[in-house]
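The figures here come from the full heavy-atom set of this structure, side chains too, leaving out hydrogens, waters and symmetry mates. Note that the coordinates shown come from a computational prediction; the quantities given were computed from them, not determined experimentally.
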Amino acid sequence: SKIYSAIAAAFYPQLVHEKTLAQVDNLKLIYHRSCQLISVLVIPVVVIAFFFMTELLNIWFGSSITSQILTPLVRVLIIGFALNGFVTMPYYLQLVHRWTRLSFYKNLIAMIVLLPTLYFSILYYGIYGACWIWLILNLMYFVVEVPIMHRKIMKTEQAKYYVEDIGRILISSILFTGILFLGISFFEVNIYVLLFILFVAGIIQVILLNKISSERPLGKLSTYSILN
């Protein structure tokens with residue numbers, strides 16, 4: 001969440017600036033660049049953690065049994081956090097356009113529908129139920145709120161948001177990490193060596209994903225830091 005907040009803080013003033021000047025093309029550019037920056041920085045971490053969750057939890061807890069029990073739970077949580085990050089800049093774009101009604105109604109509906117659901121989920125399924133509600137909530141934001149927003153704001157940009165800002169980067173990361181996972185599975189690797197490999201793989205992914213993204217947001221980061 002700190003990554004999302006930092007990116008939003010860096011790009012929000014520029015979004016406001018371009019909206020004030022009615023520079024629509026620049027506004028679209030900054031919007032997609034900020035969305036892609038979140039994807040480039042967050043997706044590799046999430047995908048690597050998803051594939052190697054058991055091993056990472058084993059390092060933390062020192063117990064393979066505990067790690068195996070918690071793996072499904074933590075995987076659900078990190079997917080929810082990733083989805084929450086994906087909807088960060090669409091939310092800030094709504095603020096730029098002074099359109100807060102959608103956010104108000106989505107939270108109102110979430111309270112009415114999900115609070116009772118959360119109660120019964122925890123009652124019958126414990127923490128697993130709560131984690132799944134968290135995932136479902138953010139999934140609904142991603143597949144319902146974002147399309148509604150794009151119908152009113154930047155009508156022509158929805159496809160680029162889903163395909164270029166997220167989809168291309170996500171699929172590339174899954175392929176890269178999947179190959180790494182399969183390759184490592186053939187060898188007995190010391191757990192700390194594995195941790196180093198995953199750290200290096202994460203950095204490499206960030207660099208490569210930035211290169212294949214349409215806006216190459218990492219290269220423009222210093223520009224926004226100077227402007228802000």
| request: Would you confirm whether Arg216, through its side chain, and Lys211, through its main-chain N or O, come within 3.5 Å as a donor-acceptor pair? | output: yes

| remark: Taken in chain and number order and not counting sequence neighbours, the residues that satisfy salt bridge (charged side-chain N to carboxylate O under 4.0 Å, His left out) with Lys28 are Glu157

| query | Side-chain heavy atoms under 4.5 angstrom apart, residues restricted to Ile, Leu, Val, Met, Phe, Trp, Tyr: same cluster for Val163 and Leu170? | reply | no

| Under a single-linkage definition using a 4.5 Å side-chain heavy-atom cutoff for Ile, Leu, Val, Met, Phe, Trp and Tyr, are Ile203 and Ile184 assigned to the same hydrophobic cluster? | no

| task | State, with a plain yes or no, whether a side-chain heavy atom of Ile127 is found less than 4.5 Å away from one of Ile122. | result | no

| query | Under the side-chain contact (heavy atoms from CB on, under 4.5 Å) criterion, do Val146 and Tyr162 qualify, and how do the steps go? | reply | CA-CA 10 Å; Val146 173; Tyr162 282 112; 3.5 Å; yes

| message | Nearest 0.5 Å, please: how far is CG in Asn84 from CG in Leu139? | response | 12.0 Å

| Between Phe187 and Gly183, what is the shortest heavy-atom contact and its length? | CD1-O, 3.2 Å

| field | Same apolar cluster (I L V M F W Y, side chains within < 4.5 Å links), Ile148/Leu93 | value | yes

| query | Regarding Gln94 and Thr100, is there a side-chain donor-to-acceptor distance under 3.5 Å anywhere? | reply | no

| task | Check whether the ring centres of Trp134 and Phe81 lie less than 6.0 Å apart, and answer yes or no. | result | yes

| Shared hydrophobic cluster for Phe120 and Leu118 (ILVMFWY, side-chain gaps under 4.5 Å) | no

| field | From CA spacing to verdict: side-chain contact (heavy atoms from CB on, under 4.5 Å), Met140, Phe142 | value | CA-CA 5 Å; Met140 294 304 294; Phe142 184 66; over 6 Å; no

| request: With ring-ring contact (aromatic ring centres under 6.0 Å, His included) as the test, would you mind laying out the steps for Phe51 and Phe176 before giving the verdict? | output: CA-CA 11 Å; Phe51 273 89; Phe176 184 95; over 10 Å; no

| task | Measure the CD-CZ distance between Gln14 and Arg33 for me, rounded to the nearest 0.5 Å. | result | 10.5 Å

| query | Is Asn107 reaching over with its side chain to a backbone N or O of Ser103, donor-acceptor style, under 3.5 angstrom? | reply | yes

| message | Would you say the ring centers of His150 and Tyr161 fall short of 6.0 Å from each other? | response | yes

| request: Verify whether the ring centers belonging to Phe52 and Phe181 lie closer than 6.0 Å. | output: yes

| query | Considering only heavy atoms from C-beta outward, does the side chain of Leu21 approach that of Leu27 to under 4.5 Å? | reply | no

| request: Test side-chain contact (heavy atoms from CB on, under 4.5 Å) on Trp99 and Leu102 and set out the steps. | output: CA-CA 7 Å; Trp99 187 44; Leu102 177 59; 3.8 Å; yes

| request: Check whether more than 12 heavy atoms from other residues, nucleotides or ligands sit under 6.0 Å from atom CD1 of Ile65, and answer yes or no. | output: no

| request: Report yes if the side chains of Leu41 and Leu218 come closer than 4.5 Å at any heavy-atom pair, otherwise no. | output: yes

| Just how far is it from atom CD of Gln23 to atom CG of Leu15, taken to the nearest 0.5 Å? | 13.5 Å

| request: Quick one: closest heavy-atom pair of Ala8 and Met89, and the distance? | output: CA-SD, 3.9 Å

| Minimal non-hydrogen separation, Ser214 against Arg168, with atom names | N-NH1, 3.9 Å

| task | For residues Ile38 and Ile166, determine if any side-chain heavy atom of one lies less than 4.5 Å from a side-chain heavy atom of the other. | result | no

| field | Side chains of Ser67 and Thr54, donor plus acceptor under 3.5 Å | value | no

| task | Take Leu56 and Leu198, measure what side-chain contact (heavy atoms from CB on, under 4.5 Å) needs, and give me the verdict at the end. | result | CA-CA 10 Å; Leu56 293 173; Leu198 297 183; 4.0 Å; yes

| field | Note, Phe86 side chain near Asn138 side chain (heavy atom, < 4.5 Å) | value | no

| request: Answer yes or no: is there a donor N or O on one side and an acceptor on the other, between the side chain of Thr177 and the main chain of Ser173, under 3.5 Å? | output: yes

| For Cys131 and Val76, which heavy atoms make the closest approach, and how far apart are they? | O-CG1, 3.5 Å

| Do Ser172 side-chain atoms and Ile169 backbone N/O form a donor-acceptor pair below 3.5 Å? | no

| request: For the residue pair Gln158 and Pro147, establish whether any side-chain heavy-atom pair is separated by less than 4.5 Å. | output: yes

| request: Could you tell me which non-hydrogen atom of Leu194 sits nearest to which non-hydrogen atom of Val189, and how far apart they are? | output: N-CG1, 3.7 Å

| said: Does atom OH (Tyr128) have a neighbourhood of more than 12 heavy atoms from anything else shown, all under 6.0 Å? | reply: yes

| field | Reported CD1-to-CG distance for the pair Ile7 and Leu37, which is rounded to 0.5 angstrom | value | 4.0 Å

| request: Kindly indicate whether the side chain of Val16, heavy atoms from C-beta on, has any atom under 4.5 Å from the side chain of Tyr92. | output: no

| task | Would you give the length of the straight line joining atom NZ of Lys19 to atom CD1 of Ile30, rounded to the nearest 0.5 angstrom? | result | 13.5 Å

| message | Which heavy atom of Ala201 sits nearest to which heavy atom of Ile48, and what is that distance? | response | C-CD1, 4.2 Å

| Within-4.5 Å side-chain heavy-atom neighbours: Tyr12 and Leu95 | yes

| message | Could you see if Ile153 belongs to whatever hydrophobic cluster contains Val143? Use Ile, Leu, Val, Met, Phe, Trp, Tyr and a side-chain cutoff under 4.5 Å. | response | yes

| query | How long is the gap from CG on Leu209 to CD1 on Ile204, to the nearest 0.5 Å? | reply | 11.5 Å

